[in-house]
Amino acid sequence: MADDRTLTPRAEDFSAWYNELVLRAELADHSPVRGSMVIRPWGYGIWENMQRALDDMFKATGHENAYFPLLIPMSFIEREKEHVEGFKPELAVVTHAGGKELEEPLVIRPTSETVIYSMFAKWVQSYRDLPILMNQWANVMRWELRTRLFLRTSEFLWQEGHTAHASEPEAEEETRRMLEVYRQFMQDWIAMPVVTGLKSESEKFAGALRTYTCEAMMQDGKALQAGTSHNLGQNFSKQFELTFQNEEGVEAFAWNTSWGVSTRLVGGLVMTHGDDDGLVLPPRLAPVQVVVVPIFRKEEERTAVVERAHQIRSRLQEAGVRVRVDDRDHLNPGAKFWEWERKGVPLRIEIGPRDLAKNQVVLVRRVTPEGADRKAFLDENEALASIPGRLEEFQRYLLERAVESREARSHRGVNSIEELQALVDAPGGGFVYTGWSGDPEVERRIQETTKATLRCIPDPAFRSETPPERCIGGDAPSKMEVVWAKAY
RNA sequence: CGGGGCGUGGCGCAGCUCGGUAGCGCGCCUGCUUUGGGAGCAGGAGGUCCCCGGUUCGAAUCCGGGCGCCCCGACCA
């Protein structure tokens with residue numbers, strides 16, 4: 001840590017900056033168990049706001065919540081070949097319970113496809129029972145060798161949606177629909193723009209037919225896989241005999257999808273918006289959107305100022321704003337300013353005797369565009385009425401800034417591996433768009449030599465105006481445009 | 001799994017080379033003065049120096065063994 005008061009600047013050591021910020025903003029802390037974390041109230045508050053927004057979106061698209069158990073029979077995980085291959089190395093297994101060795105080991109879920117589709121199989125007989133549109137909020141465990149708070153921990157919180165459909169096109173539509181829900185959520189709530197697209201064979205979910213992804217670009221030029229949506233085909237329904245009688249009375253296997261986002265999104269938020277002073281929160285997710293800091297000298301001033309601060313809080317609360325009054329008296333105002341800025345609160349109202357006299361408040365934005373005044377002196381009523389609008393404006397500003405930052409780190413029309421390498425190795429890193437023949441050998445070779453991975457085959461909205469002609473790997477014609485980046 | 005670093009009060013660290021009363025900054029408690037960008041003064045509390053063993057009159061310090069954590073890399077949906 002740089003010292004007690006400041007963070008290591010991003011430009012000096014981005015990784016150190018991130019680690020220090022997460023601890024110092026009190027988002028999370030290391031638990032006694034290596035690789036797992038305690039999410040502290042400030043971090044959990046952000047997650048709760050994410051959950052609420054996402055949950056509403058899931059409900060609006062027809063999904064219901066349910067809960068499946070933490071423990072899964074080992075034999076279930078082993079049922080689907082690719083699935084078990086993908087997860088085996090990172091499974092935590094319960095072998096003993098009740099003082100005895102178990103006959104069959106139980107796996108702590110790394111994800112719940114197997115148990116969920118085995119239950120769906122019990123519940124579905126007819127096409128009339130379909131579709132099933134379900135979601136669960138849960139913890140999962142994947143034993144990771146190298147962990148980082150929020151970005152990769154052994155245990156994490158997430159949601160996993162699981163659906164069953166009567167036809168392949170319906171399942172594909174669902175897969176795409178939920179990917180779009182994620183994209184929208186990340187854009188509108190986290191103010192984090194993402195590139196959506198299809199994962200290559202080597203990067204797709206173990207057991208899926210196809211995996212779609214949301215890829216975000218962090219300030220250090222590395223990509224973050226922020227959410228995935230899988231078309232599972234009939235891989236799981238075949239293994240768990242999830243069948244139904246169709247309209248013709250013929251027995252058929254159901255088509256499944258699954259999709260998830262996790263507390264990793266909190267890490268994405270930090271690395272998208274944070275600055276050298278600390279966290280910057282998009283207002284829509286901020287546990288506290290406005291902090292009111294009273295300033296006073298004498299006792300009479302204190303009474304009057306603190307009373308006004310609480311009036312301001314009530315008025316803003318009535319307008320639906322999340323407000324906190326920081327009336328602690330063992331800290332001076334400056335210390336409070338730094339603290340709330342470190343924690344990322346979007347707006348601050350300072351109110352002191354001079355403001356009371358003039359019926360004004362001082363309004364400060366967590367970040368301001370280059371050259372703009374940081375502090376605004378405003379008529380109190382006017383200021384309070386403008387707060388909801390200002391929060392939305394701040395939300396928009398963060399998104400714009402993030403889009404600009406991503407665009408500045410996106411490189412299109414790249415034709416050679418050398419150029420690709422130079423770009424991803426440069427300090428800003430970023431997304432590199434190239435042509436690809438679809439040959440997995442090219443993908444493997446590039447990954448090995450450049451350490452960049454194929455993030456996705458972007459959806460049409462993100463493709464370059466002129467499609468690439470040649471494959472990055474050589475003289476073969478390009479069959480599709482792809483995005484490369486170093487990734488978390 | 002490889003490489004590096006670190007374990008000393010709540011946090012950050014010095015002390016270890018060269019063994020001899022365990023220190024500094026921040027934080028914490030009490031009081032007074034302060035409060036518009038990280039307050040000042042005075043007084044105070046708080047420690048199995050990661051663990052085990054050894055050397056020694058004496059170990060935070062030297063030796064042996066162990067444990068833990070962090071970082072970088074490899075691996076990874």
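Below, chains carry the letters A, B, ... as their sequence lines are ordered, and counting in each starts from 1.
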Can you tell me the base-pairing partner of [N]? Count Watson-Crick or G-U wobble geometry only, both distances below 3.5 Å, and say none if there is no partner.
{"N": "B:C6", "value": "B:G68"}
{"N": "B:G73", "value": "B:C1"}
{"N": "B:G31", "value": "B:C41"}
{"N": "B:C13", "value": "B:G23"}

Sticking with atom [atom1], work out how far [N] lies from [M], rounded to a whole angstrom.
{"N": "B:A22", "M": "B:G46", "atom1": "P", "answer": "15 Å"}
{"N": "B:G23", "M": "B:G47", "atom1": "C1'", "answer": "12 Å"}
{"N": "B:G5", "M": "B:C13", "atom1": "P", "answer": "16 Å"}
{"N": "B:G36", "M": "B:C49", "atom1": "P", "answer": "42 Å"}
{"N": "B:C52", "M": "B:A60", "atom1": "P", "answer": "12 Å"}
{"N": "B:G43", "M": "B:G25", "atom1": "P", "answer": "13 Å"}
{"N": "B:U30", "M": "B:C24", "atom1": "C1'", "answer": "23 Å"}
{"N": "B:C50", "M": "B:C41", "atom1": "P", "answer": "32 Å"}

Within this structure, what is the [atom1]-to-[atom2] distance between [X] and [N], rounded to whole angstrom?
{"X": "A:Arg5", "N": "B:C26", "atom1": "CZ", "atom2": "P", "value": "9 Å"}
{"X": "A:Asp29", "N": "B:G10", "atom1": "CG", "atom2": "P", "value": "14 Å"}
{"X": "A:Glu203", "N": "B:C75", "atom1": "CD", "atom2": "C1'", "value": "13 Å"}
{"X": "A:Glu20", "N": "B:C13", "atom1": "CD", "atom2": "C1'", "value": "14 Å"}
{"X": "A:Trp338", "N": "B:G37", "atom1": "CH2", "atom2": "P", "value": "11 Å"}
{"X": "A:Glu339", "N": "B:G27", "atom1": "CD", "atom2": "P", "value": "12 Å"}
{"X": "A:Leu149", "N": "B:C69", "atom1": "CG", "atom2": "C1'", "value": "12 Å"}
{"X": "A:Lys336", "N": "B:G36", "atom1": "NZ", "atom2": "P", "value": "10 Å"}

Look at the side chain of [X] and decide which nucleotide, out of [options], has an atom nearest to it.
{"X": "A:Arg146", "options": "B:C28, B:C71, B:G38", "value": "B:C71"}
{"X": "A:Arg354", "options": "B:G38, B:G36, B:C71", "value": "B:G36"}
{"X": "A:Glu144", "options": "B:C76, B:C75, B:G38", "value": "B:C76"}
{"X": "A:Asn19", "options": "B:G38, B:C71, B:U35", "value": "B:C71"}
{"X": "A:Arg374", "options": "B:G37, B:C72, B:A74", "value": "B:G37"}
{"X": "A:Ile295", "options": "B:G36, B:C72, B:G38", "value": "B:G36"}
{"X": "A:Glu350", "options": "B:G36, B:C72, B:G38", "value": "B:G36"}
{"X": "A:Arg342", "options": "B:C72, B:C70, B:G38", "value": "B:G38"}
{"X": "A:Arg297", "options": "B:G38, B:U35, B:G36", "value": "B:U35"}

By nearest heavy atom, map A:Gly86 and A:Lys451 onto RNA chain B; which one lands nearer the 5' end?
A:Lys451
Nearest nucleotide by nearest heavy atom, which residue falls closer to the 5' end of RNA chain B, A:Asp329 or A:Ala16?
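Looking at RNA chain B, the more 5' nearest nucleotide goes with A:Asp329.
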Can you tell me whether the side chain of [X] and the base of [N] have a donor-acceptor pair closer than 3.5 Å?
{"X": "A:Glu341", "N": "B:G37", "value": "yes"}
{"X": "A:Arg152", "N": "B:C76", "value": "yes"}
{"X": "A:Arg24", "N": "B:G12", "value": "no"}
{"X": "A:Arg348", "N": "B:G37", "value": "yes"}

Could you go through A:Tyr212 and A:Glu172, starting from their C-alpha distance and side-chain angles, then the distance that decides it, and tell me whether this counts as side chain to side chain donor-acceptor pair (under 3.5 Å)?
CA-CA 11 Å; A:Tyr212 295 97; A:Glu172 178 67 9; 2.4 Å; yes
Can you see whether [X] engages [Y] through a side-chain donor-acceptor pair at a distance of less than 3.5 angstrom?
{"X": "A:Asp379", "Y": "A:Gln360", "value": "no"}
{"X": "A:Ser36", "Y": "A:Glu155", "value": "no"}
{"X": "A:Ser15", "Y": "A:Arg148", "value": "yes"}

Touch class at under 4.0 angstrom, heavy-atom based, for [X] against every strand present:
{"X": "A:His230", "answer": "nothing"}
{"X": "A:Val293", "answer": "nothing"}
{"X": "A:Thr211", "answer": "nothing"}
{"X": "A:Arg328", "answer": "nothing"}
{"X": "A:Pro353", "answer": "base"}
{"X": "A:Lys375", "answer": "base"}
{"X": "A:Arg264", "answer": "nothing"}

If you compare every side-chain N and O of A:His30 against the phosphate oxygens of B:C69 (OP1, OP2), does one of them come in below 4.0 Å?
no
Does the side chain of A:Ser15 get closer than 4.0 angstrom to OP1 or OP2 of B:C72 through an N or O atom?
yes
Closer than 3.5 angstrom, by distance alone: can the side chain of [X] be matched with the main-chain N or O of [Y] as a donor-acceptor pair?
{"X": "A:Tyr182", "Y": "A:Gly260", "answer": "yes"}
{"X": "A:Arg366", "Y": "A:Lys343", "answer": "no"}
{"X": "A:Lys336", "Y": "A:Trp340", "answer": "no"}

Under 30°, 30 to 60°, or over 60°: which ring-plane class applies to A:Phe394 and A:Tyr397, parallel, tilted or perpendicular?
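Aromatic pair A:Phe394/A:Tyr397 classed tilted.
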Taking the six-membered ring of A:Phe377, is the NZ or CZ of A:Arg354 close enough (under 6.0 Å from the centre) and on axis enough (within 45°)?
no
pi-stack flag for A:Phe337 and B:G37, centroid dist under 5.5 Å, interplanar under 30°
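No, the aromatic ring of A:Phe337 does not stack with the base.
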